[in-house]
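Have a look at the structure below, then the notes.
Counting starts at 1 for both ligands and their atoms, following the listed order. We're numbering straight along the sequence, starting at 1.
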Amino acid sequence: MKKNRLWILLVVILFSLSLAACGTTAVEPAAEEPAAEAPAAEEPAAEAPAAEEPAAEEPAALTYEDLVVGFAQIGAESEWRTAETNSILAVAEELGVELKFSDAQQQQENQIAAIRSFIAQGVDVIGVAPVVESGWEPVFQEAKDAGIPIILVDRGADVPDELYTSFIGSDFVLEGENACEEMAGLLSEEGNIIELQGTVGAGPAIDRQAGFASCLEGYPNMSMLDSQSGNFTRAEGKEVMEAFLQTYGDQINGVYAHNDDMAIGAIQAIEEYGLVPGEDIKIVSVDGVKGAFEAMVDGTLNCTVECNPLLGPQFFEAALMLANGEEVPRWIKSNEGVYCQEVAAEMLPERQY
Ligand code: GZL
């Protein structure tokens, strides 16, 4: 019995030991990490009924009567320039634009001072006919900083594109090429030419020279004897021509003048020297002013290549567009012809400048 009890006791001990062993090996399911608490999804705020926006009112477009424009003119060196000034003044008056006009008397520093004064007065748009191409960057930058657009009228300026909005004027290179073609015809593609250049550093002087020179390369029997500035004026054109006649005399077969005024001065010099302008010496110039048509009727000037100075309408139209925040073309070109003696008498009465 004792033995039996012992067995029973042993069995009970073993059983309870095995139960205890089972308890330690049982893999408890890993306590689940509490899920990182997701930020409580924000309840979308109940959408407030959209407050009715009042329809944004388009600001009324400006009209010519609202416009205040500054114009920095070069001066009055030529018939062409006077015609341009008259066009600007007359069109401003006609349209009711308030125009602040300044005459720089050929001095760039006066033009710069005028532009600064237009900026100080807070004009809407500034027009400038740059006497020369260089030296405009600082003052154009000042205008840009003040939010005032610059339009180049009739002459270009050597500045980065973003400093002006538009150039209104002619293709001066083409004018030079056209003048050369006329000269080639007049000289039967053979002869010596002298050139009266415009103001040194002025856009039309640089380009008219380049256009003529490149076309001349196509005519091996025509050569440029000499070239000098007559500053776009009649008096200086005459002076330079007198000097050329002293140096080259009757070797000169043709005169190419960058404007009609210098050609008219040269005509006087040739007559005083004792040669016949238009016959002994052929003359081609640029502009197409009335004085040139009169000289062609007289037979002293052979041809003129037109360069339109009546830029007032295009200028104010562009100014109004800019003031209204509209885009304007980078180059507003003029339409121009070439006229010689045969048509001069018929055309003279119709010429507007
Ligand atoms: C051309 C203009 C020139 C004319 C000259 O656009 O700048 O200046 O040809 C004038 O007659 O003085």
Item to check | Centroid separation Phe71 to Phe118 less than 6.0 Å | outcome: no
Next on the checklist: Could you check whether Phe293 and Tyr339 have their ring centres less than 6.0 Å apart?
Outcome noted: yes
Checklist outcome for this item: Residue set satisfying side-chain contact (heavy atoms from CB on, under 4.5 Å) with Glu326, at least two apart, ordered chain then number -> Met321, Asn324
Item to check | Atoms in ligand 1 flagged as close to Phe172, the criterion being non-hydrogen separation under 4.0 Å | outcome: 1 (C), 6 (O)
Item to check | Where at least one partner belongs to residues 267-281, residue pairs that pass side chain to side chain donor-acceptor pair (under 3.5 Å), sequence neighbours excluded | outcome: Lys238-Glu272
Next on the checklist: With heavy-atom distances below 4.0 Å as the criterion, list the atoms of ligand 1 near Glu77.
Outcome noted: 8 (O), 10 (C), 12 (O)
Checklist entry - So is Glu175 in contact with ligand 1, going by heavy-atom distances below 4.0 Å? => result no
Checklist entry - Can you list the atoms of ligand 1 that are under 4.0 Å from a heavy atom of Pro204? => result 7 (O)
Item to check | Within reach of ligand 1, part of Gln106 (heavy-atom separation under 4.0 Å) | outcome: neither
Item to check | Val131, Asp154, Thr199: member with heavy atom nearest to atom 2 (C) of ligand 1 | outcome: Asp154
Next on the checklist: To the closest 0.5 Å, what do you measure between CZ (Arg234) and CG (Asp260)?
Outcome noted: 9.0 Å
Item to check | ligand 1 atoms in contact with Cys307 (distance to a heavy atom under 4.0 Å) | outcome: 1 (C), 6 (O)
Checklist entry - Is the NZ or CZ atom of Arg208 both under 6.0 Å from the centre of the six-membered ring of Phe212 and within 45° of that ring's axis? => result no
Checklist entry - To which of Asp287, Asn259, Val305 does the heavy atom nearest atom 4 (C) of ligand 1 belong? => result Asp287
Checklist entry - What do we get for Pro309 next to ligand 1 when only non-hydrogen atoms under 4.0 Å count, side chain, backbone, both or neither? => result neither
Checklist entry - Parallel, tilted or perpendicular: which describes the rings of Trp331 and Phe167, with under 30° parallel and over 60° perpendicular? => result tilted
Next on the checklist: If the cut-off is 4.0 Å to any non-hydrogen atom of Ser78, which atoms of ligand 1 fall inside it?
Outcome noted: 5 (C), 10 (C), 11 (O), 12 (O)
